[in-house]
Protein chains: 2
Amino acid sequence: MAQEAVAQEAMTQGKAKAPTIYDVAALAGVSHQTVSRYFKAPGGLKPATLERVEKALAELHYTPNLAARSLRSREHYRVVVVVPEASLYFPARMLNGAAAAAHSAGYRVDVVAIEGTAEARAHQLETLLGGEDIAGILSFVPRPKGSPAARHSQAIPMVVAGEYDNKMRARGSLADGAAARKIVEHLASLGHRNFFHVAGPTAWPSARNRRAVYEETVAELGLVSLGVAVGDWSPASGYAAGRKIAAIKDVTAVFAANDQMAIGVMRALHEHGLAVPDDVSVFGWDDMAESSFLIPTLSSVHMDLEALGARSMSELIARIRGQQPATEALSLAPMELVFRESTARVRA
Amino acid sequence: MAQEAVAQEAMTQGKAKAPTIYDVAALAGVSHQTVSRYFKAPGGLKPATLERVEKALAELHYTPNLAARSLRSREHYRVVVVVPEASLYFPARMLNGAAAAAHSAGYRVDVVAIEGTAEARAHQLETLLGGEDIAGILSFVPRPKGSPAARHSQAIPMVVAGEYDNKMRARGSLADGAAARKIVEHLASLGHRNFFHVAGPTAWPSARNRRAVYEETVAELGLVSLGVAVGDWSPASGYAAGRKIAAIKDVTAVFAANDQMAIGVMRALHEHGLAVPDDVSVFGWDDMAESSFLIPTLSSVHMDLEALGARSMSELIARIRGQQPATEALSLAPMELVFRESTARVRA
DNA sequence: GCCAAGAAAGTGATCGGTAACACCAGTATT
DNA sequence: AATACTGGTGTTACCGATCACTTTCTTGGC
């Protein structure tokens with residue numbers, strides 16, 4: 001009776017509860033299993049049956065109940081995206097790209113910010129991996145040195161964005177580092193000889209990569225690197241590096257691993273009476289929206305960050321499905337140098 | 001037999017499949033239902049039973065299978081967070097705060113970026129609400145004018161962050177607008193009389209609010225507003241506003257609704273030979289990490305954005321649970337004016 | 001010391017899918 | 001002609017929780 005009342009209420013309110021495969025099967029005149037089979041491999045049905053199922057499906061606006069599905073099949077449709085604590089300095093566009101890619105593949109995205117001390121972070125990751133209902137992990141945070149959750153990681157597919165940069169570099173392909181090389185070459189072509197690099201944290205592959213290419217290229221071209229400061233991507237760390245640079249005096253070209261640190265560098269130089277680009281040229285990386293409106297406007301590297309995020313996610317999903325990632329997913333998004341006011345010919 | 005083999009394999013591999021309430025019940029010597037009851041209301045158990053259950057729980061490291069739970073109970077543990085397409089200009093810290101709050105309440109967070117034309121966005125929202133397995137929606141995007149998915153929204157709890165600003169303002173409390181008032185007052189105290197406001201998109205309550213308070217305060221203090229430009233939060237839109245301001249000439253104080261637009265304004269003024277703060281003072285909002293390293297450093301409003309995001313999420317979760325949101329969740333996070341180089345006494 | 005009533009715990013059905021197997025015609029093999 | 005195989009479909013059990021109901025244990029009043 002209560003059942004009836006509920007059903008009736010649902011009817012009158014038009015808030016029909018979601019149709020199940022049984023509803024679909026009844027309408028199509030087949031068994032529920034046939035409907036289930038349809039989703040697994042539509043090709044396995046007889047054309048006539050297939051058509052009837054599809055018609056019923058469309059008529060009822062059926063959407064599968066993921067909870068029921070994953071309960072039985074033990075497959076999961078939730079990927080966890082780990083973003084750095086300092087997501088202030090983390091390009092949100094990468095996250096968007098990754099989320100969009102996951103959604104279009106039918107996965108849910110859970111965003112988790114990893115924060116606190118190294119120990120606390122390891123613990124967070126541990127409990128994260130413990131929640132047995134996740135299909136995979138996409139981390140924008142570099143993998144901790146000691147593999148902390150080694151026994152889990154066998155089970156759950158995990159992609160650490162940026163790690164493949166290393167592979168690419170090893171393969172000598174046009175990876176992240178290619179732009180770093182072009183930056184140094186460009187500055188050299190403007191007459192600069194004395195360089196300084198503000199690197200990102202060593203834990204980040206992209207930071208290591210940019211730094212390595214910087215040092216390589218400076219050496220190759222017979223230039224001088226007057227030092228490398230390791231920052232944490234923040235403007236404040238760039239500022240600290242900038243003070244060092246100002247103290248050195250001879251530096252005329254600075255390459256910062258991201259725009260935010262470049263902003264800090266420029267500020268510090270300004271406070272020490274050094275003009276950009278008259279006294280020192282500064283090159284950034286990421287091409288933030290603000291960079292073309294700074295005073296001076298900042299030369300930088302423009303990347304398609306959405307694409308980058310989407311590709312990382314594609315790689316993860318391929319791995320979840322046990323497929324080979326599409327080669328396209330492994331190649332890097334195109335990047336482009338943007339020359340602005342902050343870099344100029346060295347003063348005579 | 002096959003069963004046995006599997007069990008044995010699991011034993012030897014140490015890859016025991018996740019324990020269920022039946023395992024817990026067996027270990028504790030009670031029925032599975034008692035374990036289920038434990039999670040619903042631990043108080044309903046006899047102290048002796050409770051202790052045994054808890055011991056078994058701890059021993060097995062039991063974690064509930066959310067898929068099974070939500071299949072039966074029709075409750076869901078996934079909230080969708082909607083962020084604006086232009087998330088470049090959206091403070092990621094709010095997202096972090098919201099995600100953290102949701103996680104600590106046992107909910108999964110799915111981040112969706114709403115993009116495209118108004119029509120496409122409405123459609124996205126529609127399908128989003130169609131996916132019947134979500135507990136609630138937290139939108140950082142203003143609600144579209146016409147309630148598009150009205151028939152759904154009855155069912156799914158939805159909180160639009162920032163909307164309560166309006167309520168607060170209506171109540172005359174110390175809301176978002178209070179800082180706007182202080183900004184105008186401060187600039188007036190520095191001798192400024194001719195103001196200009198660069199507002200955010202009209203669809204955003206916070207933008208409307210800041211603008212309204214700006215106009216109110218200017219009128220109250222007998223100052224002059226030489227215009228209001230409506231931007232889209234981007235530096236580029238600030239730049240466009242800055243060109244207008246430069247053309248007006250008499251403006252000596254600009255209040256921008258966020259730091260990014262303020263950066264655009266400063267750039268435009270610079271290009272027209274107007275110095276900040278010597279000729280024009282500029283005040284921003286949000287206190288981005290970069291703001292204290294710009295040239296000149298930018299006066300701004302510092303807010304605890306994590307707290308803001310967390311409170312919005314708390315409100316949503318309360319609504320999901322049918323509770324009254326904690327009053328604390330409704331009050332605004334404290335905000336604080338930060339005075340930097342970009343604002344100075346008006347030139348004699 | 002007995003019985004009614006409420007508290008505590010147990011039993012079996014159920015949610016909406018998938019897995020495993022049975023079944024059944026039609027074809028291929030021996 | 002009997003058997004094996006195969007593609008297409010139906011039948012039943014099962015995943016791990018909660019729900020509705022039943023049963024057992026306490027407790028209190030007389």
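Every chain is numbered from 1 and lettered A, B, ... according to where its sequence line falls, protein lines coming before strand lines.
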With respect to the side chain of [X], which nucleotide from [options] is positioned closest?
X: B:Ser36; options: D:dT12, D:dT18, D:dG16; value: D:dT18
X: A:His32; options: D:dG16, C:dT18, C:dG17; value: C:dT18
X: A:Arg69; options: C:dT18, D:dT11, C:dG10; value: C:dT18
X: A:Leu45; options: D:dT9, D:dT18, C:dG10; value: D:dT9
X: B:Lys46; options: D:dT18, C:dA9, D:dT9; value: C:dA9
X: B:Ile21; options: C:dG17, D:dT18, C:dG10; value: D:dT18

Fill in the blank from the handout: When every non-hydrogen atom of B:Leu138 is compared with those of B:Ala98, the smallest separation belongs to CD2-CB, 3.9 Å
Handout entry: Which atom of B:Ala68 lies closest to which atom of A:Leu71, heavy atoms considered
Key = CB-CD1, 3.6 Å
Ignoring backbone atoms, test whether [X] places a side-chain nitrogen or oxygen under 4.0 Å from the OP1 or OP2 oxygen of [N].
X: B:Ser73; N: D:dC19; result: no
X: B:Tyr62; N: D:dA17; result: yes
X: B:Tyr38; N: D:dA17; result: no
X: B:Lys40; N: D:dC19; result: yes
X: A:Thr34; N: D:dG10; result: yes

Fill in the blank from the handout: Comparing nearest nucleotides in DNA chain D, the 5'-proximal residue of the pair A:Arg74, A:Pro47 is A:Pro47
Practice task
On DNA chain D, check which nucleotide each of B:Ala68 and A:Gly29 is closest to and give me the residue with the more 5' one.
Solution key: A:Gly29
Send over the distance from [X] [atom1] to [N] [atom2], rounded to a whole Å.
X: B:Phe39; N: D:dA17; atom1: CZ; atom2: P; answer: 8 Å
X: B:Tyr22; N: D:dT18; atom1: OH; atom2: P; answer: 10 Å
X: B:Leu60; N: D:dG16; atom1: CG; atom2: C1'; answer: 15 Å
X: B:Leu66; N: D:dA17; atom1: CG; atom2: P; answer: 9 Å
X: A:Asn65; N: C:dT14; atom1: CG; atom2: P; answer: 18 Å
X: A:His76; N: D:dC15; atom1: NE2; atom2: C1'; answer: 11 Å

Practice task
Using a 4.0 Å heavy-atom cut-off across all strands, classify B:Ser70 as base, sugar-phosphate, or nothing.
Solution key: nothing
Practice task
Answer with base, sugar-phosphate or nothing: what part of the nucleic acid does B:Thr20 contact at a heavy-atom distance below 4.0 Å?
Solution key: sugar-phosphate
Practice task
Taking B:Arg52 for its side chain and B:Ala28 for its backbone only, find out whether a donor-acceptor pair lies under 3.5 Å.
Solution key: yes
Problem - Polar side-chain atom of B:Asp110 near backbone of A:Asp110 as donor-acceptor pair, under 3.5 Å - result: no
Contact list (N/O, under 3.5 angstrom) for nucleotides 20-25 of chain C vs protein:
from: C:dA20; atom 1: N6; to: A:Gln33; atom 2: NE2; distance (Å): 3.1

Problem - Ring center gap for B:Tyr62 and B:Tyr38 short of 6.0 angstrom - result: no
Handout entry: Gap separating the CE atom of B:Met158 from the CD1 atom of B:Ile320, nearest 0.5 angstrom
Key = 12.5 Å
Problem - Nearest-0.5 Å distance, CD of residue A:Glu54 to OG1 of residue A:Thr49 - result: 11.0 Å
Handout entry: Ionic contact status for B:Arg311 with B:Glu315, cut-off 4.0 Å
Key = no
